[in-house]
2 protein chains.
Amino acid sequence: MSLESAVGKMRGRGYKVTPQRVAVLGALAAEQHQSLEGIRARCPGVGMVTVYRTLDLLGSLGIVRRLDLGDGARYELAADHHHHMICESCGDISEFEECPLDSARIPTQNQGFEVRSHSVEVYGRCAACL
Amino acid sequence: MSLESAVGKMRGRGYKVTPQRVAVLGALAAEQHQSLEGIRARCPGVGMVTVYRTLDLLGSLGIVRRLDLGDGARYELAADHHHHMICESCGDISEFEECPLDSARIPTQNQGFEVRSHSVEVYGRCAACL
DNA sequence: CCCGTAGATGAAAACTTTTTTCATTGACAG
DNA sequence: CTGTCAATGAAAAAAGTTTTCATCTACGGG
């Protein structure tokens with residue numbers, strides 16, 4: 001999810017491209033899995049309310065994804081499909097690309113459920129904490 | 001996770017078995033995936049603070065599990081291993097037992113990560129909403 | 001069975017996080 | 001350039017959670 005395509009999505013849907021929104025996008029691009037506090041620190045000139053509203057907007061556009069991994073809300077740019085490995089000791093979050101889900105074993109057919117997305121989180125201890 | 005074994009875990013670790021704690025356990029047993037509000041409604045005589053503290057305690061004992069599926073905290077009795085299927089339209093949560101994870105495809109070896117647990121959430125549309 | 005005590009409870013207050021309100025500002029189409 | 005309507009920001013409100021502290025009680029020892 002490049003900054004240009006995000007801006008294009010906003011323009012395409014009739015939303016204005018303001019410096020504040022661009023600043024929030026830039027903050028999100030700097031690091032994945034940031035807390036609201038972290039994002040705010042990266043765009044000092046933007047009011048808290050605007051950060052909240054921008055994250056909502058970007059979320060509804062599918063540009064950012066909100067994570068709840070047990071320690072409050074975190075946000076990531078919804079780029080590629082990936083999953084999370086969370087260390088229960090130090091809280092470090094790492095990503096992995098290969099999807100370990102076997103879709104054949106998701107019991108959707110008999111329940112008539114249409115899958116649109118999924119998430120996988122693996123909890124444990126990272127190498128540094130062992 | 002029967003009520004008796006939960007009580008046993010509490011006793012075993014030196015925690016007192018109070019009527020309030022039993023009431024919260026009973027509320028949790030009545031339905032999975034309840035919000036704090038729902039749990040509170042099922043044990044009217046128990047103060048909010050005590051419900052929070054009891055959920056914390058039961059969580060640390062591994063008796064309940066906290067879920068963050070996008071619409072605030074929910075709690076479930078940590079019984080069997082199971083995963084969640086969430087309808088993005090009506091918010092209904094259903095469970096499935098069969099684990100669709102292929103552990104061989106979790107890249108833990110090269111990263112020296114020790115897996116202790118995992119969660120899988122499948123999002124989409126349920127039969128009723130389609 | 002009763003007592004003493006450490007742990008548990010509940011009300012209020014404090015805090016944190018998120019949303020609403022509303023006057024002002026500014027992006028951008030024409 | 002100009003007008004308009006969405007966007008912004010400060011303050012206040014609302015929602016969610018934790019701390020404080022005085023009182024109460026589960027339960028082991030007597």
Side-chain angles (χ1 to χ4, degrees), chain A residues 3-28 33-61 63-76 91, chain B residues 3-28 33-61 63-76 91:
Chain A
L3 200 141
E4 296 79 52
S5 80
V7 166
K9 273 196 184 182
M10 284 198 275
R11 282 236 167 73
R13 304 253 197 129
Y15 295 106
K16 294 179 180 171
V17 177
T18 65
Q20 290 91 338
R21 286 174 176 171
V22 174
V24 171
L25 274 171
L28 288 166
H33 319 128
Q34 292 182 83
S35 63
L36 188 101
E37 193 181 328
I39 294 166
R40 285 246 292 151
R42 289 185 197 273
C43 37
V46 184
M48 179 183 60
V49 189
T50 298
V51 175
Y52 272 113
R53 281 188 291 219
T54 301
L55 290 171
D56 271 2
L57 173 66
L58 297 176
S60 73
L61 294 177
I63 296 170
V64 304
R65 196 182 291 137
R66 183 195 181 111
L67 307 174
D68 286 292
L69 303 176
D71 67 334
R74 291 180 169 274
Y75 298 86
E76 67 176 13
Chain B
L3 200 142
E4 297 79 52
S5 80
V7 166
K9 274 196 185 181
M10 282 198 275
R11 282 234 166 73
R13 304 251 198 130
Y15 296 104
K16 294 181 179 171
V17 178
T18 65
Q20 291 91 339
R21 286 173 176 172
V22 175
V24 171
L25 275 171
L28 288 165
H33 318 127
Q34 292 181 85
S35 63
L36 186 102
E37 192 181 329
I39 295 165
R40 286 246 291 151
R42 288 185 197 273
C43 37
V46 184
M48 179 182 60
V49 189
T50 298
V51 174
Y52 272 113
R53 280 188 291 218
T54 302
L55 290 171
D56 272 1
L57 173 67
L58 297 176
S60 73
L61 294 176
I63 296 170
V64 305
R65 196 182 291 138
R66 182 197 179 107
L67 307 173
D68 285 294
L69 302 177
D71 67 335
R74 291 178 170 276
Y75 299 86
E76 67 176 12

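The sequence lines fix the lettering, A, B, ..., with proteins before strands; numbering per chain opens at 1. Because the structure is a prediction, the values reported are computed rather than measured. Atom set for the values below is all heavy atoms of this structure, side chains included, hydrogens, waters and symmetry mates excluded.
Here the rule is side-chain hydrogen bond (donor to acceptor under 3.5 Å, both in side chains) with A:Gln34, and of A:Arg74, A:Arg42, A:Arg40 only A:Arg42 fits it.
Put simply, the side chain of A:Val49 reaches to within 4.5 Å of the side chain of A:Arg53, judged on heavy atoms. Within the 4.5 Å cutoff, no side-chain heavy atoms of B:Thr54 are placed close to those of B:Val46. Within the 4.5 Å cutoff, side-chain heavy atoms of A:Met10 are placed close to those of A:Leu61. Contact of the A:Tyr15 side chain with the A:Arg21 side chain is registered, since non-hydrogen atoms from C-beta on lie closer than 4.5 Å. The shortest side-chain heavy-atom distance between A:Ile63 and A:Lys9 falls under the 4.5 Å cut-off. B:Leu67 has its side chain within reach of B:His33: a pair of non-hydrogen atoms, C-beta onward, lies under 4.5 Å apart.
Per the geometry, CZ belonging to B:Arg40 stands 14 Å off P belonging to D:dA15, to the nearest Å. Rounded to whole angstrom, the span from the CZ atom of B:Arg21 across to the P atom of C:dG10 amounts to 11 Å. For the pair B:Leu57 CG and C:dT9 C1', the computed distance is 13 Å after rounding to whole Å. Atom CG of B:Leu55 is separated from atom C1' of C:dT9 by 15 Å (rounded to the nearest Å).
One distance of note links CG of A:Leu69 with CG of A:Asp71; it measures 6.5 Å at 0.5 Å rounding.
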Which protein N or O atoms sit under 3.5 Å from an N or O of nucleotides 26-30 of chain D?
from: D:dA26; atom 1: N3; to: B:Lys16; atom 2: NZ; distance (Å): 3.3
from: D:dC27; atom 1: OP1; to: B:Val17; atom 2: N; distance (Å): 3.0

What protein N or O atoms touch nucleotides 17-21 of chain C N or O atoms at under 3.5 angstrom, if any, and at what distances?
from: C:dT18; atom 1: OP2; to: A:Tyr52; atom 2: OH; distance (Å): 2.4
from: C:dT18; atom 1: O5'; to: A:Tyr52; atom 2: OH; distance (Å): 3.2

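The overall bend of the helix from C:dC1-D:dG30 to C:dG30-D:dC1, read as the angle between its terminal helix axes built from five base pairs each, is 40° when rounded to 10 degrees.
Here the closest non-hydrogen pair linking B:Leu55 and B:Val64 is O-CG2, 3.7 Å. Counting all heavy atoms, side chain and backbone alike, B:Asp68 lies closest to B:Ala73 at OD1-CA, 4.0 Å.
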